[in-house]
There are 4 protein chains.
Amino acid sequence: MEFRKNLPIYVQIADYLLESILSGSLTPGDKIPSVREQASQIEVNPNTVMRTYSYLQDQGIIQNKRGIGYFVTDSAEKIIDDMKKTDFINEYLPELFKTMEMLKIDFKQLEQYYQTHKAKQNGNQ
Amino acid sequence: MEFRKNLPIYVQIADYLLESILSGSLTPGDKIPSVREQASQIEVNPNTVMRTYSYLQDQGIIQNKRGIGYFVTDSAEKIIDDMKKTDFINEYLPELFKTMEMLKIDFKQLEQYYQTHKAKQNGNQ
Amino acid sequence: MEFRKNLPIYVQIADYLLESILSGSLTPGDKIPSVREQASQIEVNPNTVMRTYSYLQDQGIIQNKRGIGYFVTDSAEKIIDDMKKTDFINEYLPELFKTMEMLKIDFKQLEQYYQTHKAKQNGNQ
Amino acid sequence: MEFRKNLPIYVQIADYLLESILSGSLTPGDKIPSVREQASQIEVNPNTVMRTYSYLQDQGIIQNKRGIGYFVTDSAEKIIDDMKKTDFINEYLPELFKTMEMLKIDFKQLEQYYQTHKAKQNGNQ
DNA sequence: GTGGTCTAGACCACC
DNA sequence: GTGGTCTAGACCACA
């Protein structure tokens, strides 16, 4: 596995797992790879994986069964969705609007970009 | 001045100056506050301001006249606009649209967020 | 069976058996379930049950008759009572009173908590 | 500094800081020792101190000012009090009542223990 | 100087 | 086998 350097590795591992859950390849009740297993597979120190797992457990997305391993919780999907949405609205959007103002891009122009984006997407299908 | 935690302070200071230039409150040839002055005004370590100024000088947006201070260059506005706009269109927007898709937020909802953002802004004025 | 996360599972199983003895549902001479039986019933690894039984045997609360099983000893009740009571009075209570002081909880409030606890218990019956 | 072996060191460091705040020797706005400083002073690995500080920051009890250090937040006291109180009610009390039941100690007896505890305390003053 | 991340390697309790 | 904690030591960005 390759990592971008601008984001902590343990966050990137977390993001990867979150996407796995959202995409359905990991569903509630599933066991995720053990710390050591995951670590050796993605060629990373076990401590780093441990950090990811602790973080996700704090968020209530995974859950430890002692001596057995970590499992995806039932509410994982909902929690992830909430997390991402609040982050989007509180962190991402204000930055977007600020940048738009700075560049004197109004909402109509943004919509045009969106349309071309959509068009391109459909073209690639 | 308050700073967001996910962006280096020196970058946030830079953004603030860029905005001043784009909005016209700083125009080519204008002297910007000295490092010490700026630092004490926004309650930040002078080193941090120094870093901002070096950064902006590297970009060709301000220039140093020795013993006198830093001044906005003639091409400042154009450089900023190019820099920000390409970044916005090529990096920022695709990410935005991807995130929206993931969170199942459509363009109408985005417009609503924009309206409430605008409303709040006017309220604070 | 559900387990609290701050206490080893094998200890919680032990506590459960101790309670059964103190309450009289297990009396001296009674055979307790075999390791395998117990394990499958409370959905736990046999090793964990084995550890519980070894632990209780060390305390002299149960004893092993080879090839037959584990049995409650004659002195079980007395041992348990001594063990728990001294621990309760010398270790637990001082900590309790210290915590109450720190949290500025007086004895009246404690009694209220007790009453609601009792009420809840009766409600669940 | 000496540590008990049954509780993680990073938790014990946290507890120590919490007590410092509750007792008033550390008040909102105060800077706490830097990670390295604290580590060398209590003879512990910096990573361990870092873990404590991250934990307390997650709880909102301390707050990082970048490049400067960690500071006690304004709401620290309230947060600590809430934390301890919920923990007391949800974790500690049920265990207490369960033990009392097991040992057939009723509330009157508990009150007696409390009175003797109080008496002893006053005697020592 | 500050925190933050990461690796390597060890030890432990628990299942 | 599982996770959890800790140490030692390194590197980095930031103030």
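Each chain gets a letter, A, B and so on, in the order its sequence line appears, and its residues count up from 1. Everything numeric here is computed off the predicted structure, so don't read it as measured data.
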- prompt: If each of A/Arg36 and D/Thr48 is mapped to the nucleotide of DNA chain F with the nearest heavy atom, which maps nearer the 5' terminus, i.e. the 5' end?
  reply: A/Arg36

- request: Report the distance from atom CE of A/Met50 to atom C1' of E/dG9, rounded to the nearest whole Å.
  value: 17 Å

message: Classify A/Tyr10 by what it touches in the nucleic acid, base, sugar-phosphate, or nothing, heavy-atom distance under 4.0 Å.
response: sugar-phosphate

query: Tell me: CD1 of D/Ile68 to C1' of F/dA13, nearest whole Å?
result: 15 Å

- request: Anything under 30° is parallel, anything over 60° is perpendicular, the rest tilted; go ahead and classify D/Tyr53 against D/Tyr70.
  value: perpendicular

task: Take the angle between the ring planes of D/Tyr55 and D/Tyr10 and call it parallel below 30°, perpendicular above 60°, tilted in between.
output: perpendicular

Worked verdict on C/Glu19 versus D/Lys98 for side chain to side chain contact (heavy atoms under 4.5 Å, CB included): CA-CA 10 Å; C/Glu19 214 172 331; D/Lys98 187 183 148 202; 3.6 Å; yes

- request: Could you check how far CG of D/Asn45 sits from C1' of E/dG9, rounded to whole Å?
  value: 13 Å

- request: Starting from C1' on F/dG3, measure out to CD on A/Gln38 and report it in whole angstrom.
  value: 14 Å

message: With a 3.5 Å limit on both atom pairs, tell me what F/dC14 is paired to, counting Watson-Crick and G-U wobble, or say none.
response: E/dG1

statement: Whole-Å distance, B/Arg51 CZ to F/dC12 C1', equals 11 Å

message: What contact category does D/Asn64 fall into here, base, sugar-phosphate, or nothing, at under 4.0 angstrom with non-hydrogen atoms?
response: sugar-phosphate

message: What is the separation between atom OH on A/Tyr55 and atom C1' on F/dG4, rounded to the nearest whole Å?
response: 20 Å

- prompt: Within the modelled atom types, does a donor on one side and an acceptor on the other bring the side chain of D/Asn47 and the base of E/dC6 under 3.5 Å apart?
  reply: yes

query: Which residue, A/Arg66 or D/Ile9, contacts DNA chain F at a nucleotide closer to its 5' end, judged by nearest heavy atom?
result: A/Arg66

- request: Apply the test side chain to side chain contact (heavy atoms under 4.5 Å, CB included) to residues D/Ile9 and D/Ile42: give CA-CA distance (whole Å), side-chain angles for both, the deciding distance (0.1 Å), then the verdict.
  value: CA-CA 11 Å; D/Ile9 293 180; D/Ile42 60 183; over 6 Å; no

- request: Would you mind reading off the distance between D/Lys31 atom NZ and F/dA15 atom P, rounded to a whole angstrom?
  value: 16 Å

query: Within this structure, what is the CG-to-P distance between C/Leu7 and E/dC14, rounded to whole angstrom?
result: 9 Å

First of C/Val11 and A/Pro8 reached from the 5' end of DNA chain E, by closest nucleotide: A/Pro8

query: Is there a side-chain contact between D/Gln38 and D/Thr52 (heavy atoms, below 4.5 Å)?
result: no

